[in-house]
Amino acid sequence: MIEFDDVTKVYSDGTTAVDGISFKVAPGETLTLVGPSGCGKTTTMKMINTLIRTSEGTISVDGVSVNERDTIDLRRSIGYVIQEIGLFDHMTVGKNIGLVPDLLGWDDDRIDNRVVELLELIELPPETKNQYPNELSGGQRQRVGVARALAANPQVMLMDEPFGALDPLTRENLQDEFLDIQDDLNVTIVFVTHDIDEALKMGDTVAVMRDGSIVQCDTPTAILSDP
Ligand code: ADP
Ligand code: ADP
């Protein structure tokens, strides 16, 4: 589903953030990218939806190079969840979740049904739809962020420290909930974290990054047995 072939990113100031990385993520699988701050995780992730352009190498999604895709079309087909999710505060939860479907021209009934379905999935009561983000707890907001990213049934989800800003207990709850729903979603996920425990828990495959390179890429079981 996602393939990196010898991808490098050199920023305009000369920083080599990503240095010749290659990997594949199979459909429906979760790859976690883990490593210390500054090792190139976010750069890697943002090249997938072309928020950052590659300097060298090729990234393809579903067999097509991201550089050959229409940018808007590509970004709408990829769910994106970040730490401080940036929900729109002046919009209700329902409007936030329905944002991409609305842009895609879904009719109101279809959007409403999808919002209700997603609220159930993320275990929030249906009334939440009419609330505003600032009326919710951090954990609830992050759930809404996940729901918004899933709204238009993306094939790919990019999650950058999605639970990073939460207290440890809420964080663990959200990890568990997300693992529970993940199997039904049939979505291919790249999940960025600096926390090795979270990487091992959430990933089918874990790619360990250091200084722009992938130094190890294997299943959690294999990584645990070869520290
Ligand atoms: P590009 O090479 O992709 O065009 P730029 O060097 O123009 O990237 O930087 C894009 C943005 O990132 C700018 O707003 C810049 O201020 C910011 N930026 C520059 N250096 C860093 C850095 N070391 N870490 C994070 N952000 C940075
Ligand atoms: P991570 O997500 O693992 O913390 P990043 O991908 O954000 O790592 O950054 C990788 C390297 O690239 C770091 O050295 C960072 O300072 C640098 N960097 C990130 N963004 C920019 C930018 N826009 N311009 C220049 N350097 C950048």
Side-chain angles (χ1 to χ4, degrees), residues 1-25 29-61 65-67 69 71-72 74-75 78-87 138 141-142 145-146 148-149 154 156-168 171 174-175 178 187-220 222-224 226-227:
M1 175 57 64
I2 302 172
E3 184 166 359
F4 273 61
D5 183 15
D6 209 6
V7 172
T8 291
K9 173 65 187 180
V10 182
Y11 283 105
S12 49
D13 67 355
T15 308
T16 302
V18 171
D19 193 2
I21 62 171
S22 301
F23 61 83
K24 289 182 192 177
V25 196
E29 299 266 283
T30 300
L31 175 90
T32 48
L33 286 174
V34 65
S37 177
C39 71
K41 306 181 295 295
T42 298
T43 301
T44 301
M45 166 166 284
K46 287 185 174 170
M47 287 191 289
I48 299 171
N49 59 5
T50 68
L51 283 174
I52 294 174
R53 291 287 173 180
T54 54
S55 305
E56 282 170 52
T58 310
I59 300 171
S60 46
V61 174
S65 162
V66 292
N67 290 335
R69 295 274 302 267
T71 303
I72 293 179
L74 179 77
R75 291 189 190 155
I78 296 180
Y80 191 44
V81 187
I82 56 177
Q83 186 169 332
E84 294 295 338
I85 44 177
L87 293 176
R141 278 204 295 275
Q142 213 55 24
V146 170
R148 182 174 67 177
V156 171
M157 281 260 276
L158 305 180
M159 306 180 78
D160 194 348
E161 302 268 1
F163 312 134
L166 305 172
D167 65 84
R171 182 177 191 174
L174 258 76
Q175 289 170 346
F178 193 72
V187 61
T188 306
I189 299 168
V190 177
F191 190 113
V192 162
T193 177
H194 63 267
D195 175 0
I196 183 70
D197 292 327
E198 184 170 62
L200 293 166
K201 179 172 173 178
M202 304 307 286
D204 299 304
T205 306
V206 178
V208 183
M209 286 192 80
R210 199 160 301 144
D211 295 337
S213 300
I214 292 179
V215 292
Q216 197 179 9
C217 188
D218 219 326
T219 61
I223 286 185
L224 279 172
D226 176 27

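Indexing begins at 1, ligand by ligand and atom by atom, following the structure's order. The figures here come from the full heavy-atom set of this structure, side chains too, leaving out hydrogens, waters and symmetry mates. The residues of the chain are indexed from 1 along the displayed sequence.
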Side-chain H-bond candidate by donor/acceptor type, Tyr11 with Thr16, under 3.5 Å: no
request  = Check whether any side-chain N or O of Thr205 sits under 3.5 Å from a backbone N or O of Thr219 as a donor-acceptor pair, and report yes or no.
outcome  = no
Answer yes or no for Ser12: is there a heavy-atom contact with ligand 2 below 4.0 Å?
-> no
Checking heavy-atom distances from atom 7 (O) of ligand 2 to each of Thr42, Thr15, Thr44, Val10, the winner is Thr42
(Q) Hydrogens and angles aside, do Thr15 and Asp13 bring a side-chain donor and acceptor to less than 3.5 Å of each other? (A) yes
### Message
Is it true that Glu3 and Ser60 share a donor-acceptor pair across their side chains at a distance under 3.5 Å?
### Response
no
In ligand 2, the atoms that come under 4.0 Å of a heavy atom of Thr43 are 5 (P), 6 (O), 9 (O)
Of Lys46, Lys41, Glu161, Lys9, the one whose closest heavy atom lies nearest atom 3 (O) of ligand 2 is Lys41
Give a yes/no verdict on whether any heavy atom in Ser37 is under 4.0 Å from an atom of ligand 2.
yes
(message) Quick test of your reading of the model: are Lys41 and Glu161 salt-bridged, counting only N-O distances below 4.0 Å?
(response) no
One finds that the ligand 2 atoms under 4.0 Å from a non-hydrogen atom of Pro36 are 3 (O)
Any N/O pair Ala17/ligand 2 closer than 3.5 Å:
no
Worksheet item: Would you call Asp19 and Arg210 a salt bridge, taking side-chain N to carboxylate O under 4.0 Å as the test?
Response: no
